[in-house]
Novice: 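So that we are looking at the same thing, I have put the structure below in structure tokens.
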Amino acid sequence: MYVRTVPPTDLNRNTEWFTYPGVWTTYLSILFISWLLVLSLFNCSSGMAWTLVHLSHFFVTYHFFHWKKGTPFADDQGIYNGLTWWEQIDNGKQLTRNRKFLTVVPVVLYLIASHTTDYQNPMLFFNTLAVFVLVVAKFPNMHKVRIFGINADH
Amino acid sequence: MISIPYLTALTTYFSYGLLFVFGQIRDFFRKIIDWWSANNLQGYAPICLGLEDFYIRRLYLRIQDCFGRPISSAPDAWFDVVERFSNDSNKTLKRTNKVSRCLNLGSYNYLGFAASDEYCTPRVIESLKKYSPSTCSSRVDGGTLMVHNELEECVARFVGKPAAIVFGMGYVTNSAILPVLMRKGSLIISDSLNHNSIVNGARGSGATIRVFQHNTPSHLEEVLREQIAEGQPRTHRPWKKIMVIVEGIYSMEGELCKFPEVIAICKKYKAYIYLDEAHSIGAVGKTGRGVCELLEVDTADVDIMMGTFTKSFGSCGGYIAGSKELIQYLKYTCPAHLYATSISPPAAEQIISAIKVILGEDGSSRGAQKLARIRENSNFFRSELQKMGFEVLGDNDSPVMPIMLYNPAKIPAFSRECLRQNVAVVTVAFPATPLLLARARICISASHTKEDLIKALGVISRVGDLVGIKYFPAEPRKQMEEEERMKLE
């Protein structure tokens, strides 16, 4: 099964890999495989496993999409040094397909996690907090906003 | 258009993700360990901001032995590669005294002028004795010799333009000319896969840059229409100049530019066109005059033709060819002409002799033979690789053929295994190419004989089976089956 790809017009090498076919499937399959791993390693209920996956997904994506700024290589001479990965994708254009997909995934994970734990209390609180922070960070109005100066440039 | 098998795309993302995760874990522990050890910065800021050299430290250094291999002979069809070893898993590499004789599939030696040539080398040595290796001065001070004027006339005649200007370095030709021609208020539209020298020159010029999808004239037209209608950013005044920059052969894809359509669009919208023929001058076309001859475009339609002498002419430096007024203007504004040392006289003599050989003015037909040989070699090699099932990019007649590898682990596997079997190939990965599309790039030369190519095909086929890069089904060998049937009968 072959897919065809055209080189995109995005010059930012840090984010251009996200426009190729197969990324969404890889992302979802990593989430699913990590759920299976957690379930087999920790001997917990499937609801707890989804909660663990949801919370670790929150930590990982918050750190890499909304905290770390810049690019992992030096040849773009630091043009993107003040922007997080989320602010760099699609050249800063808001509400593209990729951004909508990445906003929907934490919400769907939240629904699965809260449904499988039957909306019980300690897990529900953490799950809700996680999805609230992630979705607010992805709003178009939050582009380049640094609340209280947290994570601003020096 | 590149076709990737879907499973390969998924596994490539997964491999890069795994490499990234390992790199982050090692960085995390390194930060903890460094926090305990003494900090010897003495109040200065660190050279690299935390994340900037992540790719080099954690991904590139692991396979560093596949890049930057030193050689100890001229880069002819066969050359000597110095062997290296490492004691600390590739962080530092040490040279040994041993060399291995390998088949050279990586040098841009399109017409075979890289090693000593019977017509060019005696003339170059004579010029070295007469003029010394360097003029030690810029063109305007004391660095213009007879050989420079002769070279400029020769290049202008070869390329088919009224006048030409020559510089000592190919990269500088692009990055110093674009800031002179385009300033703030102009628009540069460049192909998305243009070389770094063009990107650098465009960024340094201060003009607005827009990018169009690689080799897609319809997208170029769309971008042109949108930009002309909008005008300059914020003031919306009309643009002072619009220039479209394309290359003749794209060195990472091996494909030719769709030049006639691009010229038609530029004429319609009155934009200037800048053609960078670094890889195509001397290598394509019936008499070696480049992409204009191959695609039958009149050279008077192209405003600025640029090229380098490093690929087909076996020398160094670059040229710009255009109308007499343009070259006159460049001669008193371009900083590479006013301040940089002029091209070395023996190098200039090599280019003049090489052009004479190509045009047949040395009295023999070696030039025509070389051109025919490189065309045959490229077409033969490409068709054989495609029959074996490799995914090879590039058009027919182009001497550059990238073989797609995709997975990051296959890059060092392919490179090291080929070196073990005495074939030296160049592999290219992120960030020179897009993340998914890592490739091994093969450059065919006129000095490769048929036996060399057949040996290379055998080695690449065996290594391809071991590494697993035959993504397309191999074509059945119909001829062999027919012969066997006839033998049975």
Side-chain angles (χ1 to χ4, degrees), chain A residues 1-34 37 56-57 59-61 63-85 88-91 151 153-154, chain B residues 1-18 20-21 23-24 45 47-60 190-194 196 199-200 203 209-216 219 223 250 252-253 391 430-437 471-472:
Chain A
M1 227 185 37
Y2 294 98
V3 272
R4 302 202 138 238
T5 127
V6 198
T9 53
D10 190 356
L11 286 177
N12 182 0
R13 295 275 184 207
N14 190 19
T15 58
E16 152 226 51
W17 59 272
F18 208 73
T19 59
Y20 281 93
V23 197
W24 292 8
T25 315
T26 313
Y27 185 28
L28 296 175
S29 48
I30 290 181
L31 286 175
F32 182 67
I33 293 178
S34 54
L37 263 177
S56 46
H57 170 257
F59 283 120
V60 168
T61 52
H63 180 75
F64 287 117
F65 289 1
H66 301 280
W67 187 263
K68 276 266 174 218
K69 295 192 288 198
T71 51
F73 25 79
D75 26 299
D76 54 6
Q77 296 174 2
I79 323 182
Y80 303 108
N81 266 354
L83 297 177
T84 62
W85 191 85
Q88 288 173 30
I89 8 172
D90 288 331
N91 263 324
N151 205 16
D153 303 323
H154 357 255
Chain B
M1 273 287 161
I2 303 180
S3 316
I4 318 179
Y6 198 56
L7 205 57
T8 309
L10 297 183
T11 52
T12 310
Y13 285 123
F14 185 69
S15 322
Y16 271 112
L18 200 63
F20 185 72
V21 163
Q24 293 288 338
I47 289 183
C48 297
L49 288 182
L51 192 46
E52 233 172 40
D53 54 349
F54 175 78
Y55 177 76
I56 295 185
R57 269 180 305 116
R58 297 300 176 197
L59 274 77
Y60 177 80
S190 86
D191 190 290
S192 68
L193 293 179
N194 268 341
N196 189 272
V199 173
N200 238 316
R203 281 195 188 147
I209 310 174
R210 289 282 174 267
V211 163
F212 70 95
Q213 253 176 32
H214 174 62
N215 235 358
T216 316
H219 193 241
V223 170
Y250 290 93
M252 284 300 157
E253 319 287 311
E391 180 165 1
F430 186 71
T433 62
L435 185 79
L436 266 193
L437 310 174
Y471 294 114
F472 289 156

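Below, chains carry the letters A, B, ... as their sequence lines are ordered, and counting in each starts from 1.
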Novice: Just wondering, more than 12 heavy atoms not from A/Y80 lying within 6.0 Å of its OH?
Specialist: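 Yes, enclosed.
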Novice: To the closest 0.5 Å, what do you measure between OG1 (A/T61) and OH (A/Y27)?
Specialist: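 With rounding to 0.5 Å, OG1 (A/T61) is 5.5 Å from OH (A/Y27).
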Novice: Quick check: do B/L436 and A/W17 have side-chain heavy atoms less than 4.5 Å from each other?
Specialist: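 Not touching, per the 4.5 Å side-chain cut-off.
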Novice: Under 4.5 Å from any heavy atom of chain B, what part of A/V23 do you find: side chain, backbone, both or neither?
Specialist: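 The answer is both parts of A/V23.
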Novice: Given heavy-atom pairs under 4.5 angstrom as the criterion, report whether the side chain, backbone, both or neither of B/F472 touches chain A.
Specialist: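 When you check distances to chain A, atoms from both the backbone and side chain of B/F472 fall under 4.5 Å.
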Novice: Given a strict heavy-atom distance threshold of 4.5 Å, which part of B/I4 is in contact with chain A: side chain, backbone, both, or neither?
Specialist: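 Contact with chain A: backbone and side chain both.
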Novice: Please state whether the side chain, the backbone, both or neither of B/T433 comes within less than 4.5 Å of a heavy atom of chain A.
Specialist: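 Answer is backbone: N, CA, C or O of B/T433 sit under 4.5 Å from chain A.
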Novice: Taking the side chain as every heavy atom from C-beta outward, state whether A/F59 and A/F64 have any atom pair closer than 4.5 Å.
Specialist: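 In short, these two side chains do not touch, never coming nearer than 4.5 Å.
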